[in-house]
Amino acid sequence: MTKKQRREAGARRQQQARQRLRPPPPLQARDERSVSCTTFNILAPIYKRMDSENGRESQNRANWFSRNEKIIDRLLGDRSSIICLQVWLGNDELVNMYEKRLGDANYRLFKLARTNNRGDGLLTAVHRNYFCVLNHRELLFNDFGDRVAQLLHVESAIPFLQNRSSSYVQQQSLIVNTHLVFPHDHSLSIVRLKQVYKILQYIEAYQEEHKLGPMPIILCGDWNGSKRGQVYKFLRSQGFVSSYDTAHQYSDSEEDAHKWVSHRNHRGNICGVDFIWLLNPDKCRKPLKTSWNEAVFGIMKYLLLQVASLPEENAFALLKADSSDDRITYSSFCQALCQLGMVHPDRVNSEEMEDLWSEVDHDGNGAVDYKEFQRCIWSPKCYNQEEEDDTEIDVAEGSIVTFEPNDETFGFTVKEAVLFPPEVEKGMWPENYSLSDHAPLTVVFSPVRMPCSPRTPQHP
């Protein structure tokens, strides 16, 4: 190496060191305490179809290398505090590219491949200027889709002044990155729901194991389902809000369900499937199992009504099978779930089936009549998060949970949320967009002091 080359190499190292120490530039103007989060399915080259010869991009290094260089350029330009990617991990050169460039930009990286050597997986990058990673856990669903999730327990690098005690505190948060199974057919809706249920169960177990106080929870990833699905409704019933919809003041209504898109799938359909969910510690949450049961009944009704094309009376007849006294028995209920493709360890297992039956057979007499069928399965009174009161909410029959005004913690407000390219924010997919078949979503959060919500019992 010549003297000139050594000088240039030294200058590059110094520049990189200065960049690592320099705070990342903001997405847009924001205060110094704000943090940002990006989720992006970069479309693994093993799945990206080429226009010619019906091959895959993984067979053409020049193509996937160039495309991923542009993706990293964009990520570094946004400089999010946390980057959650759904990525190709089966190629060392591509993985090294992300590790090198994001690592040089002062990110700490965590990788998790799907089980059974599927080739793709998850990569989460945390910027050291904004967060310290206290713990990292890997969730292996071990289901037929070989899906996985990452859980990161982080703490803000910048302490916040807590006015009451005039002391500084560092906000802690839980971050999840995941990629749910694609709904190739209607039966997989229950699998996606089960995967989210496992994530929330794991979060509860982690919080209990480490005796954690109230803190915000952020769920990122490709959820492979839209605002119209049961996964969306399930998370809403647990107090989570879609950060993008919150920023743009979109409701859960059918009218607002198509205002934006984030994915054009291999069938050519465009839909919004990439979410950054936020659960603040001031949100009251109904028992997780209750939300799960309601969501399963929602899928059950959808399969009966939309897929099997059964009106209400015929759906009841299917569930009661050959019962002579016009009532649904536990045996016929289980048989109907099997017919609908909902019974499997990856879907509804035997223990959960008993819980569902207990929910339907409300009076415990061992049979369900037409009125009980209507009330619990066909026309249930679903929990509506938008109807909740700021001070109290009915989370279980005969049980009211109220906030204690003196218990405070830090949560997040959604300041801004942006999808790229801009056309997808208007529900359109531009033909000249080539980074991926997904749009990156970036959300800016600002910490705010808020009251704590007591946790609701799991068995009311």
Worksheet item: Between Arg114 and Asp120, does at least one N-O distance fall below 4.0 Å, as a salt bridge requires?
Response: yes
Response to the item:
Output for pair (Thr442 OG1, Leu75 CG), nearest 0.5 Å, gives 8.0 Å
Worksheet item: Is Glu352 reaching over with its side chain to a backbone N or O of Asn349, donor-acceptor style, under 3.5 angstrom?
Response: yes
Fill in: Pairwise side-chain contact, Met215 with Gln171, heavy-atom cut-off 4.5 Å (strictly under)
no
Practice prompt. Evaluate the side-chain proximity of Leu419 to Ser262: yes if any heavy-atom separation is below 4.5 Å, no if none is.
Written response: yes
Item to complete: Indicate yes or no: at least one non-hydrogen side-chain atom of Ser156 is less than 4.5 angstrom from one of Pro447.
Response: no
Practice prompt. Check whether any side-chain N or O of Lys301 sits under 3.5 Å from a backbone N or O of Trp378 as a donor-acceptor pair, and report yes or no.
Written response: yes
Worksheet item: Do the two ring centres, one from Phe65 and one from Trp88, sit under 6.0 Å apart?
Response: no
Discussion item. I'd like to know if the side chain of Lys198 reaches the main chain of Phe141, judged simply by a donor and an acceptor atom lying under 3.5 Å from each other, with no hydrogens or angles considered.
Written reply: yes
Worksheet item: Going through the distances and angles, do Arg61 and Trp64 end up as a side chain to side chain contact (heavy atoms under 4.5 Å, CB included)?
Response: CA-CA 5 Å; Arg61 178 189 177 277; Trp64 64 253; 3.8 Å; yes
Response to the item:
Smallest heavy-atom separation, His179 atom then Gln86 atom, equals CB-CG, 3.8 Å
Worksheet item: Of all heavy-atom pairs between Cys37 and Ser80, which one has the smallest distance, and what is that distance?
Response: C-OG, 4.1 Å
Discussion item. I'd like to know if the side chain of Asn269 reaches the main chain of Asn265, judged simply by a donor and an acceptor atom lying under 3.5 Å from each other, with no hydrogens or angles considered.
Written reply: no
Discussion item. Side chain to side chain contact (heavy atoms under 4.5 Å, CB included) for Ile175 and Phe131? Distances and angles first, verdict last.
Written reply: CA-CA 11 Å; Ile175 313 292; Phe131 288 109; 5.8 Å; no
Item to complete: Give, for atom CD1 of Ile217 and atom NZ of Lys283, the distance between the pair rounded to the nearest 0.5 Å.
Response: 13.5 Å
Item to complete: Give a yes or no on whether the backbone of Ala62 and the side-chain of Ser66 come within a donor-acceptor separation of less than 3.5 Å.
Response: no
Discussion item. Under a 4.0 Å threshold between the charged nitrogen and the carboxylate oxygen, would Asp143 count as salt-bridged to Lys194?
Written reply: no
Discussion item. With a 3.5 Å distance limit and no angle check, can you tell me whether Asn68 reaches the backbone of Ile71 through a side-chain donor-acceptor pair?
Written reply: no
Response to the item:
Closest non-hydrogen contact found for Ile199 with Leu139 is CA-CD2, 4.1 Å
Worksheet item: Considering only heavy atoms from C-beta outward, does the side chain of Val348 approach that of Leu356 to under 4.5 Å?
Response: yes
Practice prompt. Calculate, to the nearest 0.5 Å, the distance between atoms CE and CG belonging to Met300 and Leu305 respectively.
Written response: 12.5 Å
Worksheet item: Roughly how far, to the nearest 0.5 Å, is the CG atom of Leu219 from the CG atom of Leu151?
Response: 9.5 Å
Response to the item:
Residues Leu112 and Ala149: closest non-hydrogen pair is CD2-O, 3.3 Å
Discussion item. What I want to check is whether the side chains of Asn135 and Tyr206 have a donor and an acceptor closer together than 3.5 Å.
Written reply: yes
Discussion item. If you define the side chain from C-beta out and look only at heavy atoms, does anything of Ile218 sit under 4.5 Å from Val443?
Written reply: no
Worksheet item: More than 12 heavy atoms of other residues, nucleotides or ligands under 6.0 Å from CD of Gln249: is that the case?
Response: no
Practice prompt. On the 0 to 90° scale, with breaks at 30° and 60°, tag the Tyr433-Trp429 ring pair as parallel, tilted or perpendicular.
Written response: perpendicular
Discussion item. Can you confirm whether more than 12 heavy atoms, excluding those of Gln306, are under 6.0 Å from its CD atom?
Written reply: yes
Worksheet item: Side chains of Ser242 and Trp277: closer than 4.5 Å at any heavy-atom pair?
Response: yes
Fill in: Atom pair CD (Glu354) and CD (Glu359), whose distance is rounded to the nearest 0.5 Å
14.0 Å
Discussion item. Between Asn91 and Glu93 (side chain of the first, backbone of the second, donor and acceptor by atom type, cut-off under 3.5 Å), is there such a pair?
Written reply: yes
Worksheet entry | CD-CD1 distance between Glu312 and Ile377, expressed to the nearest 0.5 angstrom | 11.0 Å
Discussion item. Would Arg74 pass as a cation-pi partner of Phe420, given that its NZ or CZ must be under 6.0 Å from the six-membered ring centre and within 45 degrees of the axis?
Written reply: yes
Practice prompt. Quick one: sort the Trp357 and Phe333 rings into parallel, tilted or perpendicular, breaks at 30° and 60°.
Written response: tilted
Discussion item. Strictly below 4.0 Å, N to O, side chains only: are Glu69 and Arg101 in salt-bridge contact?
Written reply: yes
Practice prompt. Verify, without hydrogens or angle tests, whether Glu155 (side chain) and Val133 (backbone) share a donor-acceptor contact under 3.5 angstrom.
Written response: no
Worksheet, complete the sentence: For Leu435 and Arg67, the nearest pair of non-hydrogen atoms, with its separation, is O-NH1, 2.8 Å
Discussion item. Using the rule given for side chain to side chain contact (heavy atoms under 4.5 Å, CB included), can you reason through Val35 versus Phe412, listing the C-alpha separation, both sets of side-chain angles and the distance that settles it, and then say yes or no?
Written reply: CA-CA 9 Å; Val35 295; Phe412 285 123; 3.9 Å; yes
Worksheet item: Any side-chain heavy atom of Tyr244 sitting closer than 4.5 Å to one from Glu425?
Response: yes
Worksheet item: Do the side chain of Thr409 and the main chain of Pro214 share a donor and acceptor less than 3.5 angstrom apart?
Response: yes
Worksheet item: Does the distance from a Lys or Arg side-chain N to an Asp or Glu carboxylate O, for Arg264 and Glu431, drop under 4.0 Å?
Response: yes
Worksheet item: Is the backbone N or O of Leu212 less than 3.5 Å from a side-chain atom of His210, with the two atoms forming a donor-acceptor pair by type?
Response: no
Discussion item. Pair Asn293, Asp355 - check side-chain hydrogen bond (donor to acceptor under 3.5 Å, both in side chains), show working.
Written reply: CA-CA 8 Å; Asn293 287 343; Asp355 289 336; 5.9 Å; no
Worksheet item: Is Arg128 atom CZ crowded by more than 12 heavy atoms from other residues, nucleotides or ligands, each under 6.0 Å away?
Response: yes
Discussion item. Show me the pairs that pass ring-ring contact (aromatic ring centres under 6.0 Å, His included) and involve residues 290-311, at least two apart or across chains.
Written reply: His186-Tyr302, Tyr197-Trp292
Discussion item. Using side-chain heavy atoms (C-beta onward) and a distance below 4.5 Å, is Met428 in contact with Val261?
Written reply: no
Fill in: Considering all heavy atoms, the nearest Val148-Leu122 contact
O-CD1, 3.7 Å
Worksheet entry | Arg56 vs Arg49, side chain to side chain contact (heavy atoms under 4.5 Å, CB included): CA-CA, chis, key distance, verdict | CA-CA 5 Å; Arg56 301 296 172 122; Arg49 293 171 172 86; 3.8 Å; yes
Show me the donor-acceptor pairs, under 3.5 Å and distance only, between side chains in residues 39-46 and residues at least two apart or in other chains.
from, atom 1, to, atom 2, distance (Å)
Thr39, OG1, Gly221, N, 3.2
Asn41, OD1, Leu43, N, 3.0
Asn41, ND2, Asp222, OD2, 2.9
Asn41, ND2, His438, NE2, 3.3

Item to complete: Output all residues satisfying salt bridge (Lys or Arg N to Asp or Glu O under 4.0 Å) with Glu255, sequence neighbours left out; order by chain, then residue number.
Response: none
